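Contents: one structure, followed by commentary.
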Protein chains: 2
Amino acid sequence: MSVTIKDIAERAGVSFSTVSKALRNSPLVQEKTKQKVLRIAEEMGYQPNIAARRLVSKKSQAIGVVWPSVERATTGALITLINEELEQRSYTTLLSINRIESAIAAFHRFQVDAIFIFYNHEEQVPPDFRYQTNIPILIYGVAGRVPYPTIDVRRDRATMLAVRHLHELGHREIAYIGEPSRFDLLQVEKIRMFREESERLGIRHSVVPIDNMETHSGYLAAKRILQQKQRPTAIISGSYDLTRGIMQAAQELKLSIPEQLSIVSYDNIPQSVTLEVPLTTVGVDIAKIADKVTETLLHLMNEESVPLSIFMEPELVVRSSTAAPLAASR
Amino acid sequence: MSVTIKDIAERAGVSFSTVSKALRNSPLVQEKTKQKVLRIAEEMGYQPNIAARRLVSKKSQAIGVVWPSVERATTGALITLINEELEQRSYTTLLSINRIESAIAAFHRFQVDAIFIFYNHEEQVPPDFRYQTNIPILIYGVAGRVPYPTIDVRRDRATMLAVRHLHELGHREIAYIGEPSRFDLLQVEKIRMFREESERLGIRHSVVPIDNMETHSGYLAAKRILQQKQRPTAIISGSYDLTRGIMQAAQELKLSIPEQLSIVSYDNIPQSVTLEVPLTTVGVDIAKIADKVTETLLHLMNEESVPLSIFMEPELVVRSSTAAPLAASR
DNA sequence: CTGTTAGCGCGTTCAA
DNA sequence: TTGAACGCGCTAACAG
């Protein structure tokens with residue numbers, strides 16, 4: 001049996017409702033009594049019973065996060081940040097790796113205050129969101145395609161910024177590494193814009209196919225394309241993981257960055273800065289995404305209205321991995 | 001407000017306790033009444049309030065899994081399997097990526113029926129397990145070093161099997177890839193035994209240092225060692241991820257497996273079989289680990305006693321990635 | 001300031 | 001076969 005407020009009350013020699021107030025830091029309790037109760041609660045290892053609290057107050061102070069596929073540096077980093085922000089506001093984050101529908105059902109049973117869904121585009125079957133619940137739901141990654149509030153990044157704008165940046169520096173032959181063999185909507189948008197903008201600016205461009213979004217794939221793709229007779233002077237990478245592989249390949253081929261090869265990487269995460277060569281990136285700062293998600297979740301839980309689709313605008317952050325090509329033909 | 005058994009009772013014209021019985025399929029209710037209640041519940045979209053149920057029954061039918069670090073193919077696969085097995089037995093799996101102590105506290109508040117901890121050896125600070133709770137706890141990966149039941153693999157035995165297997169095939173020059181720069185207890189055991197057993201059998205051996213346990217590190221390490229004048233005829237790999245990189249390197253160097261290079265990989269996961277060259281592996285079948293974890297968790301929840309330390313014995317599974325060296329000097 | 005009381009939704013006696 | 005009553009742990013309203 002777990003320790004309850006009654007147990008504490010008995011030990012402290014007060015009534016259990018006084019304990020309840022003390023624990024919730026109510027001003028209706030004498031400071032001395034409060035301290036005593038708190039100390040005893042601590043000693044006894046008290047943890048409030050969420051079930052009982054939820055029964056009365058209708059709040060569980062918990063958020064459910066649905067994360068059907070367990071992967072990639074950026075996703076992991078984002079979840080970690082959101083988790084921290086919510087913890088600071090005394091919310092508990094619970095994760096589920098089940099299919100979306102059954103994850104929602106589970107969180108419904110556990111009466112979480114809100115559900116945040118990482119929508120994985122690689123999933124074969126599109127999830128059925130018709131599951132009945134009045135728990136607020138927020139989705140990441142599918143702006144406007146589902147009947148729920150969503151947060152998403154304008155990925156195509158990110159590639160546009162990257163292409164323009166390279167064009168302005170004088171690059172006229174660029175490559176994009178990041179088209180996985182499995183269909184992935186998140187990547188498709190970026191690539192489409194890469195082609196469009198390159199053509200508009202009259203830049204020679206190519207898209208290098210890869211197996212998956214892992215570091216090693218980036219390495220192999222870069223190795224392949226950089227060994228061609230006419231190699232591109234700049235590469236745009238679809239993710240941080242890929243970029244690490246690309247830089248490794250460049251190093252092995254003795255191509256110095258940015259003198260002989262410029263790299264613009266999608267994803268703006270803290271690691272981007274601490275690499276040997278700090279990366280020029282396009283994308284939304286991951287901390288900003290986490291802020292926005294947390295903020296929106298809080299709004300949702302307070303029953304305040306939020307926009308159905310929130311789009312975050314990517315930024316270009318120029319660091320040390322891009323420069324004018326050696327023989328700039330401007 | 002959600003629909004409760006009272007609402008159903010009113011509509012069905014029976015008392016709410018009859019509804020409760022009907023929903024739990026009690027034999028104390030007339031079949032006709034039962035059907036009617038069930039139908040109405042369905043119509044009204046009834047979902048039992050777990051909070052209330054748990055208050056009474058003391059069971060939440062949920063397991064908390066603590067997973068402080070989000071990584072590696074094998075870990076992810078294992079969690080997925082455990083999740084599935086528990087789901088089949090109608091348990092819900094909740095994950096937390098918080099530090100061990102606060103994850104336990106959260107699960108305590110949510111009154112899960114058991115907690116399973118993936119102990120991450122890379123964590124700097126050893127967790128404080130003195131947190132008070134009487135929820136059963138099971139830990140993976142630290143046999144005997146904590147005051148809780150643990151499940152672990154005899155990793156050193158795995159390497160021993162690998163070395164012996166290669167020795168019997170006639171290999172006299174082998175390498176081990178899998179010593180990360182950051183201290184990792186899980187790897188240390190394997191490497192120690194690699195050295196011991198090799199020396200005992202009089203085999204020339206070397207351990208190749210790597211940065212981390214990712215595929216790409218395996219690739220780089222293999223590339224390095226296989227280009228030496230006197231290259232080893234066989235490699236033992238510390239993990240499935242590393243092995244993928246090693247095979248890639250071999251392929252680029254035009255070394256055919258197993259004719260020119262034998263590989264024994266640690267980790268026995270389904271992917272081991274479906275590679276171009278099915279892998280000879282040492283380790284415990286991941287499905288068996290998942291079975292054992294699930295089973296132990298169920299015992300723990302039924303308050304049956306379980307051994308304080310459960311060790312799982314690795315097996316050698318010979319597939320197609322090992323053979324006698326070309327110029328076997330037996 | 002502190003204690004008493006009621007009730008959240010449900011499962012489980014015990015009576016009817 | 002059904003229903004009434006109690007209590008799980010907690011919060012909130014009210015009374016002392």
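All values reported here derive from a predicted model rather than from experimental measurement. Quick note on labels: first sequence line is chain A, next is B, and so on, each numbered from 1.
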Could you tell me how far apart R53(A) (CZ) and dG9(D) (P) are, to the nearest whole angstrom? 15 Å
Can you list, by residue number, the residues of residues 6-19 of chain A that have a non-hydrogen atom closer than 4.0 angstrom to DNA chain C? V14(A), S15(A), F16(A), S17(A), T18(A)
Under 3.5 Å side-chain donor-acceptor pair for S60(A) and R53(A): no
Identify all side-chain donor-acceptor contacts of residues 22-33 of chain B below 3.5 Å with residues at least two apart in sequence or on another chain.
| from | atom 1 | to | atom 2 | distance (Å) |
| --- | --- | --- | --- | --- |
| N25(B) | OD1 | K34(B) | NZ | 3.2 |
| S26(B) | OG | L28(B) | N | 3.0 |
| E31(B) | OE2 | Q35(B) | NE2 | 2.7 |

Checking the side chain of D113(B) only, and the main-chain atoms of K59(B) only, is there a donor and an acceptor separated by less than 3.5 Å? no
To the nearest 0.5 angstrom, please state how far the CG atom of L298(A) sits from the CE atom of M301(A). 4.5 Å
Is the shortest side-chain N/O distance from S20(B) to OP1 or OP2 of dG11(C) below 4.0 Å? yes
To the nearest angstrom, how far is I5(A) atom CD1 from dG9(D) atom P? 10 Å
What nucleotide among dC8(D), dT2(D), dG9(D) has an atom nearest to a side-chain atom of T33(B)? dT2(D)
Out of curiosity, I63(B) CD1 to F107(B) CZ, how far, rounded to the nearest 0.5 Å? 10.0 Å
Under 3.5 Å, is there an N or O donor on one side and an acceptor on the other linking the side chain of K21(A) and the base of dG3(C)? yes
Which of residues 23-32 of chain A have a heavy atom under 4.0 Å from DNA chain C? L28(A), V29(A), Q30(A)
Rounding to a whole Å, what distance do you find between L55(A):CG and dC8(C):C1'? 4 Å
Testing T92(A), N83(A), T93(A), T80(A) one by one against N98(B) for a side-chain hydrogen bond (donor to acceptor under 3.5 Å, both in side chains), which residue passes? N83(A)
For atom CD of Q111(A) and atom C1' of dC10(D), their distance in whole Å: 15 Å
Rounded off to whole Å, could you give me the NZ-to-C1' distance for the K59(A) and dA12(D) pair? 16 Å
Between S15(B) and T18(B): side-chain donor-acceptor atoms closer than 3.5 Å: yes
I need the CZ-C1' distance between R54(A) and dC10(D), as an integer number of Å. 14 Å
Mind checking if T4(B) touches a base, just sugar-phosphate, or nothing, with heavy atoms under 4.0 Å? sugar-phosphate
Do any side-chain atoms of residues 5-14 of chain A form donor-acceptor pairs under 3.5 angstrom with protein atoms, and if so which ones, sequence neighbours left out?
| from | atom 1 | to | atom 2 | distance (Å) |
| --- | --- | --- | --- | --- |
| D7(A) | OD2 | T4(A) | N | 2.8 |

Does CD belonging to E304(B) count more than 12 external heavy atoms closer than 6.0 Å? yes
Using whole Å, what does the distance between atom P of nucleotide dT1(D) and atom CD of Q35(B) come to? 14 Å
To the nearest 10°, give me the bend of the helix from dC1(C)-dG16(D) to dA16(C)-dT1(D), comparing the axes of its five terminal pairs at either end. 50°
Using a distance-only test with no angle check, is there a side-chain donor-acceptor pair under 3.5 angstrom linking S239(B) and D267(B)? no
ring-ring contact (aromatic ring centres under 6.0 Å, His included) involving F110(A) - partner list, sequence neighbours excluded: none
